[in-house]
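Can you keep this structure in mind? I'll have questions shortly.
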Amino acid sequence: MHFTSELRLDDGVLERAFTLGEIPGTLWTPESAAPTPLILMAHNNGLPKGEPRLVARARHTAAHGYAVATIDAAGCGDRPRSAADQQARADLRRAMQAGEPVDEIFESFIGPLVEKAAPEWRTTLDALLALPEIGGPVGYSGWTALGIRLAVTEPRIAAAGFFAGGYVPRAQREEARQVTVPLLFLLQWDDEGNPRQRALDLFDAFSTKEKTLHANMGGHVGTPWFELEDGGRFYDRHLR
């Protein structure tokens, strides 16, 4: 892991950009004399690590006493896109503008994205836990499809917060039955891009004995800010 820049924020949080091979990422760490728990934070469907909503959540969470890390998935953010990636995005835009069904396009795009992203997140986790300022346990926050795969395959993840707004491929909907870590699931009741019943069915599929559903009125980007504070209490219960 090679740090390429650092910025000390007003609340004492240290924000550092890093590279790990071809993987670019950002790490936020609080002022602390002891190793801190870690939260991996991913935006839905591979949106970039610099997306303002993700950065705001990360800075707030780090100020609360957690190390927070995010990376760009292959073909997303600052990483080069293949011709297939570009075509999938173009097909998706065209179908959405025309009001056509998009599930199969999402399936062909998000499924492979999860398959490529999950190993890179595990590699990043290895490197992060080798840093002296970071300890365990580890939490996860954000992109549901990726989070399901990591919760099933990565035993170091102790708790997860999933956002229901992104497309979840059929493979991950089936894997959801194997998720057993404590779970907080956020749902926007009127999310125009995420059928409500599909999200409720997914919540029902999780096998964890401690799972909580928070549903709020409003569309895709209307998640209330207080959910971040509630999420902090959720992670405090399971990561401290």
Show every donor-acceptor pair shorter than 3.5 Å between a side-chain atom in residues 22-35 and any protein atom, with sequence neighbours excluded, or say none if there are none.
| from | atom 1 | to | atom 2 | distance (Å) |
| --- | --- | --- | --- | --- |
| Trp28 | NE1 | Glu15 | OE1 | 2.6 |
| Ser32 | OG | Ala34 | N | 3.2 |
| Ser32 | OG | Ala34 | O | 2.9 |

Strictly distance-based, threshold 3.5 Å: is any side-chain N or O of Glu107 a donor or acceptor partner for the main-chain N or O of Pro169?
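No; zero donor-acceptor contacts below 3.5 Å.
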Without hydrogens or angle criteria, can the side chains of Glu175 and Gln172 be said to hold a donor-acceptor pair below 3.5 Å?
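There is such a pair (donor and acceptor under 3.5 Å, judged by atom type) between the side chains of Glu175 and Gln172.
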side-chain contact (heavy atoms from CB on, under 4.5 Å) between Trp121 and Leu150: does it pass, once the steps are laid out?
CA-CA 8 Å; Trp121 276 91; Leu150 291 178; 4.0 Å; yes
Any side-chain heavy-atom pair from Leu228 and Thr61 closer than 4.5 angstrom?
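Result yes, sub-4.5 Å side-chain heavy-atom pair found.
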So do His64 and Glu229 actually touch side chain to side chain, heavy atoms under 4.5 Å?
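No, too far: nothing below the 4.5 Å cut-off.
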Does some side-chain heavy atom of Leu125 sit less than 4.5 Å from a side-chain heavy atom of Leu38?
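In contact.
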Do other residues, nucleotides or ligands put more than 12 heavy atoms under 6.0 Å from Glu51 CD?
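More than 12 within 6.0 Å, yes.
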Consider only side-chain N and O atoms of Tyr167 and Arg198, and report whether a donor and an acceptor are under 3.5 Å apart.
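The answer is no; no qualifying pair exists.
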Checking the side chain of Tyr66 only, and the main-chain atoms of Asp236 only, is there a donor and an acceptor separated by less than 3.5 Å?
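Yes; at least one donor-acceptor contact below 3.5 Å.
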Do Ile39 and Leu239 have side-chain heavy atoms sitting under 4.5 Å apart?
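Answer yes - side chains close enough.
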Looking only at heavy atoms, which two atoms of Arg57 and Ala42 are closest? And how far apart?
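Minimum heavy-atom contact is NH2-O, 4.3 Å.
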Using the rule given for side-chain contact (heavy atoms from CB on, under 4.5 Å), can you reason through Arg196 versus Asp191, listing the C-alpha separation, both sets of side-chain angles and the distance that settles it, and then say yes or no?
CA-CA 7 Å; Arg196 183 187 306 163; Asp191 191 332; over 6 Å; no
Any side-chain heavy atom of Met1 sitting closer than 4.5 Å to one from Leu131?
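Side chain of Met1 against side chain of Leu131, heavy atoms only: contact under 4.5 Å found.
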Just wondering, do Val138 and Leu129 contact through their side chains at under 4.5 Å, heavy atoms?
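They are in side-chain contact.
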Can you classify the ring geometry of Phe185 versus Phe162 as parallel (below 30°), tilted (30 to 60°) or perpendicular (above 60°)?
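Phe185 vs Phe162 ring planes: perpendicular.
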Evaluate side-chain contact (heavy atoms from CB on, under 4.5 Å) for Arg122 paired with Thr153, printing each intermediate quantity in order.
CA-CA 9 Å; Arg122 290 196 293 271; Thr153 60; 3.1 Å; yes
Can you check side-chain contact (heavy atoms from CB on, under 4.5 Å) on Leu200 and Leu213, steps first, answer last?
CA-CA 9 Å; Leu200 294 173; Leu213 172 67; 3.8 Å; yes
Check: Arg79 side chain, Asp72 main-chain N or O, donor-acceptor pair, under 3.5 Å
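Yes, the answer is positive, given that a donor and an acceptor are paired below the 3.5 Å cut-off.
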Give a yes or no on whether Val102 and Trp143 share a hydrophobic cluster (residues Ile, Leu, Val, Met, Phe, Trp, Tyr; joining criterion: side-chain heavy atoms under 4.5 Å apart).
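Yes, Val102 and Trp143 fall within the same hydrophobic cluster.
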Are Asp78 and Lys49 ion-paired here, with the side-chain N under 4.0 Å from a carboxylate O?
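Yes, charged N to carboxylate O under 4.0 Å.
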Residue of the set Asn194, Ile110, Leu202 for which side-chain contact (heavy atoms from CB on, under 4.5 Å) holds with Val168
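So the option named by the test is Leu202.
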Can a side-chain donor-acceptor contact be found between Thr223 and Arg53 if the only test is distance below 3.5 angstrom?
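Thr223 and Arg53 do not have a side-chain donor-acceptor pair below 3.5 Å.
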Ring geometry between Phe206 and Phe203 (parallel below 30°, tilted from 30 to 60°, perpendicular above 60°):
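Geometry flag for Phe206 against Phe203: perpendicular rings.
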Check whether any side-chain N or O of Tyr235 sits under 3.5 Å from a backbone N or O of Gly161 as a donor-acceptor pair, and report yes or no.
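The answer is yes, because a donor-acceptor pair under 3.5 Å joins these two groups.
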Glu100 side chain near Ile105 side chain, heavy-atom distance below 4.5 Å
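No, too far: nothing below the 4.5 Å cut-off.
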Restricting to non-hydrogen atoms, name the atom on His214 and the atom on Asp230 that form the minimum distance, rounded to 0.1 Å.
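Smallest heavy-atom distance, with atoms named: CE1-OD2, 3.9 Å.
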I want to check something: taking the side chain as every heavy atom from C-beta on, are Pro224 and Gln188 in contact at a cut-off of under 4.5 Å?
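A side-chain contact under 4.5 Å exists here.
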So if you build clusters from Ile, Leu, Val, Met, Phe, Trp, Tyr with side-chain heavy-atom gaps below 4.5 Å, do Val179 and Leu146 land together?
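Val179 clusters together with Leu146.
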So, does Ser207 use its side chain to make a donor-acceptor pair with the main chain of Thr180 at under 3.5 Å?
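Between the backbone of Thr180 and the side chain of Ser207 there is no qualifying donor-acceptor contact (under 3.5 Å).
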Sequence neighbours left out, what passes side-chain hydrogen bond (donor to acceptor under 3.5 Å, both in side chains) with Asp11? Give chain and number order.
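Partners of Asp11 under the side-chain hydrogen bond (donor to acceptor under 3.5 Å, both in side chains) test: none.
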